[in-house]
Amino acid sequence: MNIDHEALHQVFRAESVEALARIESALVRLEQDPEDQELLHDIFRAVHTLKGDSLSLGFARLGELAHALEDLLDAVRARQLPVHGALVDLLLRSVDALRVLLPAALNGDEEERSEHRTLLGEILLLLRATQPPELKMAAAQAAMPADAVDAVAAHTLRVDVEKLDRMLVLAGEIAISRLQTRQLVEQQEGAASKEILDLHLEIDRQFLDLQELLMSARLVPLAPVLQQLLRVVRDSALSAHKRVELELRADGVELDTAVAERIRAPLVHMIRNAVDHGIESPEHRTSIGKAPHGTISIEARREGSSIVIEVKDDGAGLDRRKLMERARAMSLAKEPERLSDRELFALIFMPGFSTASAITERSGRGVGMDVVRRSVDALRGTVTIDSQEHRGTTFTVRLPLTLTVIEGLVVGAADESYVIPLSSVVECLELSSLSSDEAGVRGVASIRGEAVPYVRLRALFGSVDGPSTRENIVLVRGQGRTLGLVVDTLLGDAQTVVKPLGRWFRNVRAVSGSAILGSGRVALILDVAALLREVEDGGLAA
Amino acid sequence: VAKKVLIADDSRTSLLLAKMVLAALSCEIIVARDGAEAVDKALAHKPDLILMDVEMPKLDGFEACRRVRAVLGRRLPILMLTTRSSVSFVRRGFESGCTGYLNKPIVNAELLNKVRTYLGE
């Protein structure tokens with residue numbers, strides 16, 4: 001028998017982490033709806049599976065705790081124990097303990113821990129209170145030593161994100177070699193070159209497929225990240241003596257793994273703030289005619305190449321008056337009463353603003369909303385607030401699908417696509433109407449009586465063909481100067497993913513990176529600052 | 001012709017472990033992740049042996065066993081995988097028409113020997 005323990009452990013780890021997350025969110029829902037038998041069965045089955053697998057793999061401590069939990073859930077299933085807060089609490093703490101035991105067991109650490117003894121003791125006490133059940137203590141099961149037979153591979157693999165990052169960077173580098181190869185081949189004469197070109201185009205297509213696959217391999221579902229927030233809401237509502245329900249809508253929304261990892265913390269922050277400072281106490285809510293329990297809803301959806309996450313509460317909303325007082329006290333605005341709602345609300349993202357005790361009583365937002373803004377900024381995202389007094393507050397977080405995205409104008413020259421960062425584009429004009437001269441790399445155009453130097457992209461990047469019959473000129477500005485970029489076609493604007501150039505391409509002039517367009521096609525991103533510099537220095541001569 | 005073994009279990013870990021253990025035999029292994037899939041695959045592949053977990057989503061092992069038995073007849077060996085050994089539990093199993101039990105956690109050698117026996121190797 002040949003047991004590939006590493007593969008087995010890998011599957012077990014992934015499956016167990018998933019199961020614990022599922023158990024946790026199901027427990028929180030069960031507390032709200034104790035009569036949901038389906039939910040109870042799901043939890044039981046997940047714990048049961050975890051127990052069985054732990055014991056099969058010889059993880060005695062993990063198996064022991066899971067086994068105790070299973071007995072507890074069995075008693076709940078048999079209606080010997082009612083679902084109540086203290087029980088759910090114990091179950092949730094056990095989930096936490098299992099989360100600690102899991103990596104320890106996988107690292108070969110099966111030491112007994114006192115806190116787990118205590119937990120087991122609590123579970124036993126609860127069980128004993130119902131009736132003395134036949135408690136089967138888990139027996140350690142040693143795995144068989146391995147013989148030499150063919151190994152069976154797992155169907156899923158965990159891959160280091162860093163490796164995926166490197167693959168993308170490499171793909172960017174290949175994109176540039178690809179372009180250069182194509183130009184070289186196109187310059188060759190003869191029948192053989194035609195065949196090489198065809199082959200090259202075929203490889204191109206396959207390369208684009210590969211690149212798209214690479215991108216999609218980085219996408220993970222957002223739902224599990226949001227599921228974890230159920231627990232955050234439950235715990236913070238308990239400690240704030242409030243009643244809060246969390247609604248989640250994120251079906252099918254996927255985003256880059258790096259973004260998914262980093263969005264959790266700001267979401268937790270927003271949720272805690274909503275519970276602590278947005279949602280009113282049950283008594284107060286009842287007295288003003290609201291339902292005693294508050295509702296926080298998180299809705300995620302995809303809009304083009306961004307992900308929009310809305311965090312909405314039906315609490316007290318932001319208090320304009322208090323925000324204005326605070327703004328004046330911090331001298332953030334001379335006449336805060338003239339600020340629009342949006343401008344005023346945006347102030348709570350200022351460092352130090354929301355930590356003020358002055359605004360935390362009713363509707364102010366507590367600790368450090370500036371942290372939220374900074375985390376979202378770091379993801380190249382934006383966060384905006386909408387709020388109505390007594391109606392509630394909505395935070396809208398907008399994130400790029402992938403980590404590095406720029407807004408760019410996509411242009412075509414000699415059958416290739418280039419991206420000009422939108423931030424530097426001033427305007428686009430048709431060149432035929434202008435006094436353009438010949439087809440060289442450089443020239444000067446007269447635009448509204450002003451002489452503007454320009455660079456012709458198709459010539460700059462080595463095409464031997466003459467200029468296109470209809471050309472456009474894109475005026476870009478930087479460092480106080482204007483430059484024209486002559487292109488064949490304007491393909492519209494797009495948000496594109498930026499990949500830095502690899503080390504072999506650092507010297508490619510006027511290019512700052514490669515970008516993958518929505519179509520999966522690769523384009524070069526023009527380095528406007530470098531182009532301006534070269535023109536200034538008299539470089540780029542034809 | 002290679003013998004076919006259907007393993008139904010909602011745990012990927014268990015399925016992988018069973019596959020690794022049974023790799024020592026030259027049998028074809030078919031897997032199912034829930035009770036309903038187990039019934040479908042049993043009817044489609046007509047395996048020579050079924051290993052059936054009891055706690056599964058959609059249909060539990062007992063119900064799946066009953067349904068497979070009703071179509072494929074009495075000769076097909078179906079072993080229930082379970083951690084439970086109470087009398088009532090065992091009786092439920094036999095009432096649903098299973099051939100025998102295999103204890104969980106799985107002892108690799110025991111699994112291998114049982115499968116070998118039932119496949120007549």
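Within every chain, numbering begins at 1; the chains are lettered A, B, ... in the order of the sequence lines, protein sequences first and strands thereafter. Quick note: numbers below take in every heavy atom, side chains included, and nothing from hydrogens, waters or symmetry partners. Because the structure is predicted, anything quoted here is derived from the model rather than measured.
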Are any non-hydrogen side-chain atoms of A:Glu18 and B:Arg12 less than 4.5 angstrom apart?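 Answer yes - side chains close enough.
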Please examine the side chains of A:Asp4 and B:Met20, heavy atoms only from C-beta on, and report whether any two atoms are closer than 4.5 Å.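 Yes, side chains in contact.
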Give, as side chain, backbone, both or neither, the part of A:Glu38 having an atom under 4.5 angstrom from any heavy atom of chain B.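 Nothing of A:Glu38, per the 4.5 Å heavy-atom cut-off to chain B.
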Using every non-hydrogen atom in the two residues, find where [X] and [Y] come nearest and quote the distance to one decimal.
X	Y	value
A:Ser56	B:Leu17	CB-CD2, 4.0 Å
B:Met56	A:Arg45	C-CD, 3.5 Å
A:Leu8	B:Thr13	CD1-O, 3.8 Å

Pairs flagged by ring-ring contact (aromatic ring centres under 6.0 Å, His included) wherever residues 1-41 of chain B is involved - sequence neighbours left out: none
What's the separation between atom NE2 in A:His9 and atom CG in B:Leu16, rounded to the nearest 0.5 Å? 10.5 Å
Passing candidate, side chain to side chain contact (heavy atoms under 4.5 Å, CB included) with B:Ser11, options A:Val11, A:Asp53, A:Leu50: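 Single pass found, and it is A:Asp53.
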Contact residues of residues 59-79 of chain B (partner chain A; heavy-atom separation under 4.5 angstrom): none
Over 12 non-hydrogen atoms of neighbours within 6.0 angstrom of CG in A:Asn107: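 Result for CG/A:Asn107: enclosed.
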Are there more than 12 heavy atoms of other residues, nucleotides or ligands under 6.0 Å from atom CD of A:Glu6? no
For A:Glu24, which residues count as a side-chain hydrogen bond (donor to acceptor under 3.5 Å, both in side chains) partner, sequence neighbours excluded? A:Arg99, A:Arg231
Residues two or more places apart in sequence or in another chain: which of them pass salt bridge (charged side-chain N to carboxylate O under 4.0 Å, His left out) with A:Glu35? A:Arg79
